[in-house]
Amino acid sequence: MTNGTPARPAAAQASAGDLLHLVRSGRATTRGALQRVTGLSRATVGQRLDRLFRAGWLREGAGTPVSSPLGGRPSVRLEFDDAHAVVLAADLETRHARTALLTLTGEVVAERGGALRVEDGPERVLDRLGAVFGELLRESGRDAAAVCGIGLAVPGPVDSATGRVVQPPIMPGWDGYDIRGRLRRAFMEHAGHADHAGHAGPLAHAGTAAPVPVLVDNDANLMAYAEQRAHYPDCSAFALVKVSTGIGAGVVVDGSLYRGIDGGAGDIGHIRVPGVPGSAAALCKCGSYGCLAAVASGRAVAARLAAAGVPAASGSDVRELLAAGHPEAVGLAREAGRQVGEVLATVVTLLNPGVLMIAGDLAGTPFLTGVRELLYQRALPRSTAHLEIVTSRLGGRAGLVGAGALVVEHLYAPERVEERLAALGV
């Protein structure tokens, strides 16, 4: 890779998957352009495109004008056909969950939201998600076989290789649990079909006989992935901080999520902040004292409001109070923003992002004002000279859109396209 641009695939290596990637990315959208970029012959490009057409993954769109002064027939534009399958996604929070059915380009077809407590444990929570997935399919008139994958955002660190959460402070009973397997079974039980013995049978999805894949990632990661792709695609270093019941961050570098070696990157809620008044006595869910999440999260602000006689138990309660302009909630949110801003000064100095996005229950003017005050005071001017500090643009849908995008990018990666085409027999 040179200067962030994918290297030109060698003619002998440019597969059908590579051609699909070039079309989806917009780098080459006609047969002639594919020949020029890959160096493949016209016949070879035609053969490989034919496999993609037979799979239903490509379609021909309107012709594009020919630039030659002699004129000629318009070049036929190639397009990714997003109608051949759908994606299911869920964004799980501590007390609430959102679910959606999305197209392959991220458009929400059907959506549900409702109370669901993560502390009820993976068996009950994942079974409920499977049931809601079935309801979404029936509501939209889609068949379960059209689902090509499921994406799930969770409020904890995830080992992306296994899809299991690793020592999640606010997800009791989930550590090391097989989320992928259980959610797949729940989907099959509620949205698939059963054999004559009443057991969930293998579910064909999107034209194959393989079980539906399930991908799991941290919620802040997926929110960052969605926001960067949708609104800041040219930003090569993007950071999102979610401040709700807990505090976490997602980082996108050169268009890819940065997760660290085992999914622990971005867990800034457990950075110690000893200089904050009262932090020494603030017990965090992780078992330590003085963590940022223990003094500046939605849960921490709610606890301080409750101690002052204001009914609040969670970040979502604080969000409602802020929306109503509650003076004490506004003051505490600004103070929490200052505390988070002090930590973010280090984050910004280390990462040098072009965009720092604040999201979650506390992401409003009071909190953002506090972040700006401390961040610009503590960070070097060189680190903030080209920095945009913004709030979420996708709002509550960011985790869902990110989970859907994760599935699509996984399934339509060039190397996986070859495997899937072979499974389809094309």
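Fair warning: this is a prediction, and the values are worked out from it, not measured in the lab.
Across all their heavy atoms, V37 and A28 have their closest contact at CG2-CB, 4.1 Å. Residue A363 comes nearest to T391 through the heavy atom pair O-CG2, 4.4 Å, listed as atom of the first residue, atom of the second, then distance. For A293 against C284, the heavy-atom pair with the smallest separation is CB-SG, 4.5 Å. Shortest non-hydrogen contact noted between G404 and V87 is CA-CG1, 3.9 Å. Minimum interatomic distance between A296 and A336 (heavy atoms only, all atoms of both residues): O-CB, 3.6 Å. Taking all atoms of both residues into account, the shortest heavy-atom contact from A379 to A345 is N-CB, 3.9 Å.
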**Prompt:** So D82 and T105, side-chain hydrogen bond (donor to acceptor under 3.5 Å, both in side chains) or not? Walk me through it.
**Reply:** CA-CA 6 Å; D82 68 341; T105 51; 2.9 Å; yes
**Request:** List the steps and the verdict of side-chain contact (heavy atoms from CB on, under 4.5 Å) for L20 and W57.
**Result:** CA-CA 8 Å; L20 182 64; W57 298 352; 4.0 Å; yes
**Request:** May I have the step-by-step check of side-chain contact (heavy atoms from CB on, under 4.5 Å) for L101 and L137, ending in yes or no?
**Result:** CA-CA 7 Å; L101 179 72; L137 286 170; 4.0 Å; yes
**Prompt:** After noting the C-alpha distance and the side-chain angles of E111 and R397, does the key distance pass the side-chain contact (heavy atoms from CB on, under 4.5 Å) rule?
**Reply:** CA-CA 10 Å; E111 184 178 5; R397 284 183 167 177; 2.8 Å; yes
**Item:** Verdict with reasoning, L102 to V86, per side-chain contact (heavy atoms from CB on, under 4.5 Å)
**Value:** CA-CA 6 Å; L102 302 101; V86 292; over 6 Å; no
**Request:** Using the salt bridge (charged side-chain N to carboxylate O under 4.0 Å, His left out) rule, take E135 and R128 through it: C-alpha gap first, then chi angles, then the decisive distance, then the call.
**Result:** CA-CA 11 Å; E135 293 168 7; R128 178 57 189 155; 3.7 Å; yes
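Environment of CZ in R54: crowded, with over 12 heavy atoms of neighbouring residues, nucleotides or ligands closer than 6.0 Å. Within 6.0 Å of the OH atom in Y376, the count of heavy atoms belonging to other residues, nucleotides or ligands exceeds 12. Heavy atoms from other residues, nucleotides or ligands lying under 6.0 Å from CZ of R416 number more than 12. Within 6.0 Å of CD on E79 lie more than 12 heavy atoms contributed by other residues, nucleotides or ligands.
Residues F80 and T29 are not in side-chain contact: their nearest non-hydrogen atoms beyond the backbone lie 4.5 Å or more apart. Here the side chains of V330 and T365 are not in contact, with every heavy-atom distance at 4.5 Å or above. H96 places none of its side-chain heavy atoms less than 4.5 Å from the side chain of L116. M357 has its side chain within reach of Y232: a pair of non-hydrogen atoms, C-beta onward, lies under 4.5 Å apart. Contact of the S244 side chain with the E93 side chain is not registered, since no non-hydrogen atoms from C-beta on lie closer than 4.5 Å. Residues F238 and V251 form no side-chain contact, since every pair of their non-hydrogen atoms from C-beta on lies 4.5 Å or further apart. Under the 4.5 Å side-chain criterion, counting only non-hydrogen atoms from C-beta, R98 is not in contact with L92. The shortest side-chain heavy-atom distance between P213 and L411 falls under the 4.5 Å cut-off.
To the nearest 0.5 Å, atom NE2 of residue H190 and atom CG of residue L136 are 13.0 Å apart. For the atom pair CG of L222 and CG of L257, the computed distance is 6.5 Å after rounding to the nearest 0.5 Å. Here CG of L152 is found 8.0 Å from CG of D91. Values are rounded to the nearest 0.5 Å. Distance CD1/I389 to CG/L375: 4.5 Å, rounded to 0.5 Å. Atom-to-atom distance recorded for T99:OG1 and L400:CG is 7.5 Å, nearest 0.5 angstrom. A distance of 9.5 Å separates NZ of K285 from OG1 of T94, quoted to the nearest 0.5 Å.
Counting only residues at least two apart or on different chains, the salt bridge (Lys or Arg N to Asp or Glu O under 4.0 Å) pairs with a member in residues 211-220 are D217-R259, D219-K242. The salt bridge (Lys or Arg N to Asp or Glu O under 4.0 Å) contacts involving residues 147-176 comprise nothing, where partners must be two or more places apart or lie in separate chains. The stretch residues 221-230 participates, sequence neighbours left out, in these salt bridge (Lys or Arg N to Asp or Glu O under 4.0 Å) pairs: R229-E409.
Close placement of the H84 and Y412 rings is indicated, their centers lying within 6.0 Å of each other.
The backbone N or O of A294 sits nowhere less than 3.5 Å from a side-chain atom of S297 that would complete a donor-acceptor pair. Side-chain atoms of E418 come within 3.5 Å of backbone atoms of G17 as a donor-acceptor pair (strictly under, hydrogens ignored). With W174 contributing its side chain and V118 its backbone, the two residues share a donor-acceptor pair below 3.5 Å. Panel note: side chain S25, backbone L22; a donor-acceptor pair is recorded below 3.5 Å. No donor-acceptor distance shorter than 3.5 angstrom exists from the side chain of D127 to the backbone of E123, with no hydrogens or angles considered. A distance-only check finds no donor-acceptor pair linking the side chain of N218 to the backbone of V158 [under 3.5 Å]. Between the D18 side chain and the S15 main chain, a donor and an acceptor come within less than 3.5 Å of each other.
Salt-bridge annotation for E60 and R77: absent, with no side-chain N of the basic residue lying under 4.0 Å from a carboxylate O of the acidic one.
Annotation: salt bridge (charged side-chain N to carboxylate O under 4.0 Å, His left out) contacts of D178 (sequence neighbours excluded): none. E373 is linked by a salt bridge (charged side-chain N to carboxylate O under 4.0 Å, His left out) to R334, R338, counting only residues two or more places apart in sequence or in another chain.
A side-chain N or O of S41 and one of T44 form a donor-acceptor pair less than 3.5 Å apart. Side-chain atoms of R95 and S314 include a donor-acceptor pair closer than 3.5 Å. Inspection of the D361 and S316 side chains reveals no N or O donor paired with an N or O acceptor under 3.5 Å.
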Could you list the donor-acceptor pairs under 3.5 angstrom formed between side-chain atoms of residues 380-388 and any protein atom two or more places apart in sequence or on another chain?
residue : atom : partner : partner atom : Å
T384    : OG1  : P381    : O            : 3.4

